[in-house]
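Below is one structure, written out as structure tokens; the observations come after it.
Numbers restart at 1 for each chain; the letters A, B, ... are given by sequence-line order, proteins then strands.
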Protein chains: 2
Amino acid sequence: MGQFLGTHVNRLDRKGRVSVPAPFRAVLARFETTELILRPHHKSACIEARPEPEFRRLAARLDALDSFSDDHDALAFALFASAHSAIPDAEGRIVLPEALIAHAGLGETVAFVGLGRLFQIWAPEEAERMTRSAVQAARERGLTLPGGGTA
Amino acid sequence: MGQFLGTHVNRLDRKGRVSVPAPFRAVLARFETTELILRPHHKSACIEARPEPEFRRLAARLDALDSFSDDHDALAFALFASAHSAIPDAEGRIVLPEALIAHAGLGETVAFVGLGRLFQIWAPEEAERMTRSAVQAARERGLTLPGGGTA
DNA sequence: AGATTTCCCATGCTATCCCATAATCGACCA
DNA sequence: TGGTCGATTATGGGATAGCATGGGAAATCT
């Protein structure tokens, strides 16, 4: 399995630890890393997690910009300043930083939502609401993928 | 045979397992995979199943969209968040996730409906009704296949 | 030293594998 | 052409390994 798929709800314990779903860890291995880069999503109340190589790919796009421009600085801040590194321990758990827990409004349980090359961490209720509205948007607005027929 | 053809009714056991029809497994092999991606259909009460490479083809279209747009996020959610990976075991069975069973309203038996490059899983009664009405709709509305060419 | 974090071990649970049986299909032969 | 045999398929149940989770001990920082 090469991409992050599905929604998995796990428990966030008193120490701020949570098990990364086993299938996600398998995907991580496919990226030939153990390291995850966690960032607060710039719009939504969730944490965005990428395998380190994938994050690197994203960061590489910065190089296209002039390193002395204001745009470059702003983007660099957004990308790096509130990012955290996390490596699952022997049991497959990571600790979520306080700041990110607050940003996502997480409680006792958290939902891991697979999104292909990355995944997000939501409060379970919010994750379900997002999924619902995304599916409905796809249905009503006829959102479809470019370059082809019906999904 | 390179395409999923016909309708096959199999039993869903207490553990949520069901045998993938042997001919379908043969088609899967043609795709050079053992992995299936299962998703709830966004409109109908059924499960949609694709060979992993076929799903990947679909997902690749997302890359055409700006990765920070709202449309991209919504689409990614709709596509990935409720997807499940399934690999037939040595006996050719897969387990259907609880959420998908509920979505499709499945009971003791399930119908596998071949649809070419993908197949769907329905409650048998619904499957029969669908094929009936689909044929009728095609006849009444004079539906034809796009892409022309020889009959 | 106190507090916080990381590592390590223990446990219940669930999904996965494995084997055994039954039913079906197709082939081959008379 | 009808019947029998063989092989593959579908299905059921039990064993096993992996996973999520909780608590405690060692290590680290301040």
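Between B/R129 and B/E125, no side-chain nitrogen of the basic residue sits less than 4.0 Å from a carboxylate oxygen of the acidic one, so the salt-bridge criterion is not met. Ion pairing between a basic and an acidic side chain is recognised when a charged N comes within 4.0 Å of a carboxylate O; B/R30 and B/E32 show no such pairing. Remark: A/K43 engages B/D70 in a salt bridge, criterion side-chain N to carboxylate O under 4.0 Å.
A straight line from NE2 of B/H8 to C1' of D/dA10 spans 13 Å, rounded to a whole angstrom. We find that CD of A/E98 is positioned 14 Å from C1' of C/dT5, with the value rounded to whole Å. Nucleotide D/dT9 holds its P atom 16 Å from the CD1 atom of B/I94, rounded to whole Å. Distance A/N10 CG to D/dG22 C1': 14 Å, rounded to the nearest Å. Rounded to whole Å, atom P of C/dT5 lies 13 Å from atom CG of A/L96. Taking atom CG of A/L12 as the reference point, atom C1' of D/dA20 lies 13 Å away to the nearest angstrom.
Scanning both residues, A/A123 and A/G105, for their nearest heavy atoms gives CB-O, 3.8 Å. The two residues A/A104 and A/I47 have their closest heavy-atom pair at CB-CG1, 4.0 Å.
Although no hydrogens or angles enter the test, the distance criterion places a donor-acceptor pair under 3.5 Å between the side chain of B/R25 and the main chain of B/V20. A donor-acceptor pair under 3.5 Å is absent between the side-chain atoms of A/N10 and the main chain of A/V18, judged by distance alone. Of the possible polar contacts, none joining the B/T33 side chain to the B/P51 backbone as a donor-acceptor pair under 3.5 Å is found. At least one donor-acceptor pair under 3.5 Å links the side chain of B/S133 to the backbone N or O of B/M130.
A/V135 and B/F55 fall into different hydrophobic clusters, where Ile, Leu, Val, Met, Phe, Trp and Tyr residues are linked whenever their side-chain heavy atoms come under 4.5 Å apart, directly or through other members. B/L100 and B/V95 sit in two unconnected hydrophobic clusters of ILVMFWY residues. Membership requires side-chain heavy atoms under 4.5 Å apart, directly or through other members. Cluster annotation: A/W122 and A/V9 are assigned to distinct hydrophobic clusters (Ile/Leu/Val/Met/Phe/Trp/Tyr, side-chain heavy-atom contacts under 4.5 Å, transitive). With hydrophobic clusters built from ILVMFWY side chains whose heavy atoms lie under 4.5 angstrom apart, A/L38 does not share a cluster with A/I87.
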Strictly under 3.5 Å: I want the nitrogen or oxygen pairs between protein and nucleotides 28-30 of chain D, one per line.
none

Provide a list of protein-nucleic acid N or O atom pairs under 3.5 angstrom, restricted to nucleotides 5-7 of chain D.
none

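Projected onto DNA chain D by closest heavy-atom contact, A/D13 and B/V20 fall at different nucleotides, the more 5' of which corresponds to B/V20.
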- Task: Classify every nucleotide of nucleotides 14-20 of chain C by which part a protein heavy atom approaches to under 4.0 Å, writing B for the base, S for the sugar-phosphate alone and - for neither, in 5'-to-3' order.
- Result: --BBBB-
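The C1' atoms of five pairs define one axis at each end of the helix from C/dA1-D/dT30 to C/dA30-D/dT1, and these two axes lie 40° apart (to 10°).
In the model, A/E35 has a side-chain atom that pairs as donor or acceptor with a side-chain atom of A/S85 under 3.5 Å.
Listed by residue number, the members of residues 109-127 of chain A with any heavy atom below 4.0 angstrom from DNA chain D form an empty set.
Pairs of residues two or more places apart, or lying in two chains, that qualify as ring pair (Phe, Tyr, Trp, His ring centres under 6.0 Å) and include a residue from residues 85-117 of chain A are A/F112-A/F119.
The only option from A/R57, A/R50, A/R56 that meets the salt bridge (charged side-chain N to carboxylate O under 4.0 Å, His left out) definition with A/E54 turns out to be A/R57.
Closest to the side chain of A/R25, out of D/dC19, D/dG23, D/dG13, is D/dC19.
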